[in-house]
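Worksheet for the structure shown next.
Proteins get letters first, then strands, A, B, ... in listed order; numbering begins at 1 in each. This one's a predicted model, so the numbers in the text were calculated from it and none came from an experiment.
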Amino acid sequence: MTNYWLMKSEPDVFSLDDLKKAPKKTEPWDGVRNYQARNFMRDQMKKGDVVLFYHSNCKEPGIVGVAEISSKAAYADPTQFDSKSKYHDPKSDPDNPRWYMVDIEFVSKVADVDQPVGLPEIKSDPKLADMELVRYGRLSVQSVKKAEFDHVKKLAGL
DNA sequence: GCCAACGTTGGC
DNA sequence: GCCAACGTTGGC
């Protein structure tokens, strides 16, 4: 069964366009350092799951497109063992890695990226009032219900 | 840049 | 195991 997700990225750091421009349009989603987000990736994500791509911490926060999980499952995030990386975690044991990641692949984006399905629109839509994004905004990887996913896709014209 | 709402750390 | 202090997220 396909699972539905929402994943956040700051467009100044890594935008949906960056993903689209990547070779093979797929990139490792490294740097997640939150246990709840990690648990979703490590325990539940699998290839083919679909993802609402959310731009945070920017002028027009909102959902800008769709991606999908392209790695077979989650695997250890190598940046945790790289002392030069800003995601380095000296407490993580290579024999029992603390942090996991998945690869995600570009699928589609809204026609005009300056007009995403914006956060105010999401918050004011009764069909989306139960989204984790609305109820508890700060988690970078969230689970989304199929009905919510379909509704957002419709709003986005995808 | 401010700050609310969290999560994490570490002393005890 | 409690909790104060600190760090982070992210909208505004």
Classify A:Lys123 by what it touches in the nucleic acid, base, sugar-phosphate, or nothing, heavy-atom distance under 4.0 Å.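 Result for A:Lys123 = sugar-phosphate.
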[X] has an atom [atom1]; how far is it from atom [atom2] of [N], in whole Å?
| X | N | atom1 | atom2 | value |
| --- | --- | --- | --- | --- |
| A:Glu60 | C:dG10 | CD | P | 17 Å |
| A:Glu132 | B:dC6 | CD | P | 13 Å |
| A:Lys8 | C:dG11 | NZ | P | 6 Å |
| A:Arg135 | C:dG11 | CZ | C1' | 19 Å |
| A:Glu10 | C:dG10 | CD | P | 7 Å |
| A:Tyr54 | C:dG10 | OH | P | 8 Å |
| A:Tyr35 | C:dT9 | OH | C1' | 17 Å |
| A:Tyr136 | B:dA5 | OH | C1' | 8 Å |

Does A:Lys72, at its NZ atom, have more than 12 non-hydrogen atoms belonging to other residues, nucleotides or ligands within less than 6.0 Å?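 Open.
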Could you point out which residue of A:Leu119, A:Val117, A:Leu16 forms a side chain to side chain contact (heavy atoms under 4.5 Å, CB included) with A:Tyr54?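 Testing A:Tyr54 for a side chain to side chain contact (heavy atoms under 4.5 Å, CB included) against A:Leu119, A:Val117, A:Leu16 leaves exactly one candidate, A:Leu119.
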Scan A:Val66, A:Leu6, A:Leu19 and name whichever one has a side chain to side chain contact (heavy atoms under 4.5 Å, CB included) with A:Phe53.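 When A:Val66, A:Leu6, A:Leu19 are each tested with A:Phe53, the side chain to side chain contact (heavy atoms under 4.5 Å, CB included) holds only for A:Leu19.
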What about A:Trp29 and A:Tyr100, are their ring centers closer than 6.0 Å?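 A:Trp29 vs A:Tyr100: aromatic centres not under 6.0 Å.
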Nearest listed nucleotide, side chain of A:Lys91, among C:dG11, C:dT8, B:dT9: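 Of the candidates, B:dT9 comes closest.
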Nearest-nucleotide wise, let me know which of A:Asn34 and A:Asn57 is further upstream toward the 5' end of DNA chain B.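 On the 5' side of the pair lies A:Asn57.
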